[in-house]
Protein chains: 4
Amino acid sequence: MLANPVSKPRTKPPGERRDELMTAAERLFLEKGVEQTTIEEITTGAGVAKGTFYLHFSSKADVLQALRSRFVQAVLDGIVATVGRCRQEDWRGKLAAWSTACATGYLDAAGLHHLAFVAAPPATREGLSRNILIDHLSELIADGAGEGAWSADDPGFTAVFLFNALHGIVNQPGIAETPSARAGLLGAIEAHFLRALGLWSGID
Amino acid sequence: MLANPVSKPRTKPPGERRDELMTAAERLFLEKGVEQTTIEEITTGAGVAKGTFYLHFSSKADVLQALRSRFVQAVLDGIVATVGRCRQEDWRGKLAAWSTACATGYLDAAGLHHLAFVAAPPATREGLSRNILIDHLSELIADGAGEGAWSADDPGFTAVFLFNALHGIVNQPGIAETPSARAGLLGAIEAHFLRALGLWSGID
Amino acid sequence: MLANPVSKPRTKPPGERRDELMTAAERLFLEKGVEQTTIEEITTGAGVAKGTFYLHFSSKADVLQALRSRFVQAVLDGIVATVGRCRQEDWRGKLAAWSTACATGYLDAAGLHHLAFVAAPPATREGLSRNILIDHLSELIADGAGEGAWSADDPGFTAVFLFNALHGIVNQPGIAETPSARAGLLGAIEAHFLRALGLWSGID
Amino acid sequence: MLANPVSKPRTKPPGERRDELMTAAERLFLEKGVEQTTIEEITTGAGVAKGTFYLHFSSKADVLQALRSRFVQAVLDGIVATVGRCRQEDWRGKLAAWSTACATGYLDAAGLHHLAFVAAPPATREGLSRNILIDHLSELIADGAGEGAWSADDPGFTAVFLFNALHGIVNQPGIAETPSARAGLLGAIEAHFLRALGLWSGID
DNA sequence: TATGAATGAGATTTCATTCAT
DNA sequence: GATGAATGAAATCTCATTCAT
């Protein structure tokens, strides 16, 4: 009612407000679960009014979807950067790098991937069978096969197979809590990735 | 007054009522999703009054848990029967049988496994990292390693890895809709299972 | 939360609860207007919980519609009783009785008719051009014409004409506040009704 | 930078903007009802921003009031012009002209009169019992009575009576859709007006 | 056991209105 | 004058759960 003499600017670039809402939502979803978080808590957390939420998202499921996309994109960015550092012809290295970068991205995000893919009410079954990470892995496998680095009858199948395998591994609560446990885990994942393509891993 | 001769008996053996409720819930969960299904719809579907639900289950999560157990137990029963038909020393065959039986169980259940493990509001993250199927596979891998059929540094790891891989594959909507597609899928899964244990598959 | 040791019976015959809600709604609508009344106020006024409202009505417009019907039916009952007291062949008397009984019904209901027909957000324009009162009047006019009591080219037209005329008159705020004002008003209405059918009234 | 050559002028004479807003509001009110129309829809319809609305009107009720006045004034103008064409002493003709001009004004406005008097959230009950049309008719009746053209005990009563009667008739949806139906309707209204003043109409 | 009317906390959503730019 | 992002009070409605019968 009364004018606030120290009021911060009311309007912000739209992207910024949206990000603030997403970040507040992410924190709350992780802290207390998606179901337990109300829209009101999200807006309070972002320091805006309730109605503002609906200027940027149409529902709670909508924010969740946005969080999912943001998370997956971040993981993909990490993968692309890591894989890009391998020599052009080092397909074995690229595959290993892919598995390690992907697993690292998930592990670093702590509960967020759980949120994004498991705890979230996934409207469709698509999330774990079609996403940009699987597409990227599928392409890598196909490219390597084309170059004779390995043989792959069905790169799409193997990509879904390996992505879900990796996802299941890193999704285990309390896994890789120490640096050495994490190193061991990454090594095991890498070995299984290589083996799936018929490459001999040095593990055993 | 005589009892209404057309009315069905109001009381039934508890197990039967419980089953009817579970079946109604399963159908509705698959049709419209867990969140979208109300207790009232379940009871209407089972032909009983709303209060009756609470004589058999404590909440919606409770029915879901019961459905999960029923489903997983059925898949495990199928696996045990199939694997049991292999010769005692045929570890390769047992592993192949495990993958095929598990995949078949999931595929036959249509969307139910999605419901049970993915769409469900999973109280814990355990579902895909600890369950009786993973335990069974883990044991099989450990036993085979003990007999020298393959080497496995960490049977638990490999079991989670393979179970999630398989789960991700069969969870793809519209997969294996024709008998030949299903046969191809089962073959590919088997090949990847064998490869993960360092066994040469005859597939490629 | 705690059991109320003096709690009144929670369940009542459905019609009774419905009536209580309607009566509470009517009082509030008259006191503070339809728009200004919330569902919660209605349920509080009826001594029930908010959700109970939705067991009996689907929306605020729904209660309003029910109030409308209840009111119109009550007015019609009064008309039928009054007109029924006239001798069979006394058409002039019947018409006069109709006008007086209808006006009385409206005047006695104070603001309710205003509510029901004017202040209400009338979804359709039907309320004042088709209702059971108009139908009844139309029939009376047609019957009288059939008996040669008066001539009426279009009984439906005259019924709508007179009903709206009467409605407009009694809807004037503050009209007929004293018994003598009311008597004068009823006389004037009756005279105009008779004149509309070409009958000479003794009024002027 | 040069001003964008395609952009239309942002500022307009205040009266023009106001008219555009009223016209947009009128269209929407008729299309979807007053309650269902939001301020935002009105401003979008008028091609201006939401805030601009409040430069011209203080609320939705305010536009509605403005529409009401505009409509009633237009009808009155039509009546005055038509009645003015009668000879000074032709009271019968003036009354007939009044009824016809008023009905014509309403019929030409289609649903707008409904909006203005019935569907509108009427702040007071005055609309149908006190307005400039009723005042004008009342004066005509009083003047005619003063000249001995008819007798009228209470011109105000008769004016309200007849205005509401006419309003109810023309407010019927679908009435007078063909020219001949309209002619018949106007004749019937005129006849009832004359009869109400004790004048013999040529109708029956 | 079974019923289903009643509960009531709480969720989502709308939208008239403001005001810094 | 004009804008439109932001506000936030308030409204509607849902539905898991209870409990008197």
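So that the names make sense, note that chain A is the first sequence line, chain B the second, and so on, each numbered from 1. Reckoned from all heavy atoms, side chains included, excluding hydrogens, waters and symmetry mates.
When the side-chain nitrogen and oxygen atoms of D:Thr52 are compared with OP1 and OP2 of F:dA2, none of them lie within a distance under 4.0 Å. Between C:His56 and E:dA6, a side-chain N or O to OP1/OP2 separation shorter than 4.0 Å is present. Residue D:Thr38 places no side-chain N or O under 4.0 Å from the OP1 or OP2 atom of E:dC15. Residue A:Arg17 places at least one side-chain N or O under 4.0 Å from the OP1 or OP2 atom of F:dA6.
With rounding to whole Å, B:Ile42 atom CD1 is found 11 Å from F:dT17 atom P. Straight-line distance from the CD atom of C:Gln36 to the C1' atom of F:dA9: 14 Å, rounded to whole Å. Distance, B:Glu41 CD to F:dT14 P: 12 Å, rounded to whole Å. Rounded to whole angstrom, the span from the CD atom of C:Glu16 across to the C1' atom of E:dA6 amounts to 14 Å. Taking atom CD of residue C:Glu35 and atom P of nucleotide F:dA10, one finds them 15 Å apart after rounding to whole Å. We find that CG of B:Leu55 is positioned 12 Å from C1' of F:dC19, with the value rounded to whole Å. Straight-line distance from the CD atom of B:Glu20 to the P atom of E:dA2: 10 Å, rounded to whole Å. A straight line from OH of A:Tyr54 to P of F:dA9 spans 16 Å, rounded to a whole angstrom.
B:Lys60 contributes a side-chain N or O that, together with a main-chain N or O of B:Thr37, makes up a donor-acceptor pair within less than 3.5 Å. C:Lys50 contributes no side-chain N or O that, together with a main-chain N or O of C:Ile42, makes up a donor-acceptor pair within less than 3.5 Å.
In this structure E:dG8 sits in a base pair with F:dC15, meeting the Watson-Crick or G-U test at under 3.5 Å. Figure legend. F:dT21 is base-paired to E:dA2; pairs are counted as Watson-Crick or G-U wobble with both atom distances under 3.5 Å.
Toward the 5′ end of DNA chain F lies the nearest nucleotide of A:Ala49, the other residue of the pair A:Ala49 and B:Glu40 mapping further downstream. If you find the closest nucleotide of DNA chain F to B:Ile39 and to A:Gly51, the one lying nearer the 5' end belongs to A:Gly51.
Of the N and O atoms on the side chains of D:Arg68 and D:Gln65, at least one donor lies less than 3.5 Å from an acceptor on the other residue. Under the 3.5 Å distance criterion, with hydrogens and angles disregarded, no donor-acceptor pair is assigned to the side chains of A:Thr44 and A:Glu40.
For the atom pair CD1 (A:Ile39) and CZ (A:Phe53), the distance works out to 3.5 Å, reported to the nearest 0.5 Å.
Donor-acceptor pairing under 3.5 Å, judged by distance alone, is absent between the side chain of A:Lys50 and the base of F:dT7.
Using a 4.0 Å heavy-atom distance criterion, D:Ser58 is classed as a sugar-phosphate-only contact.
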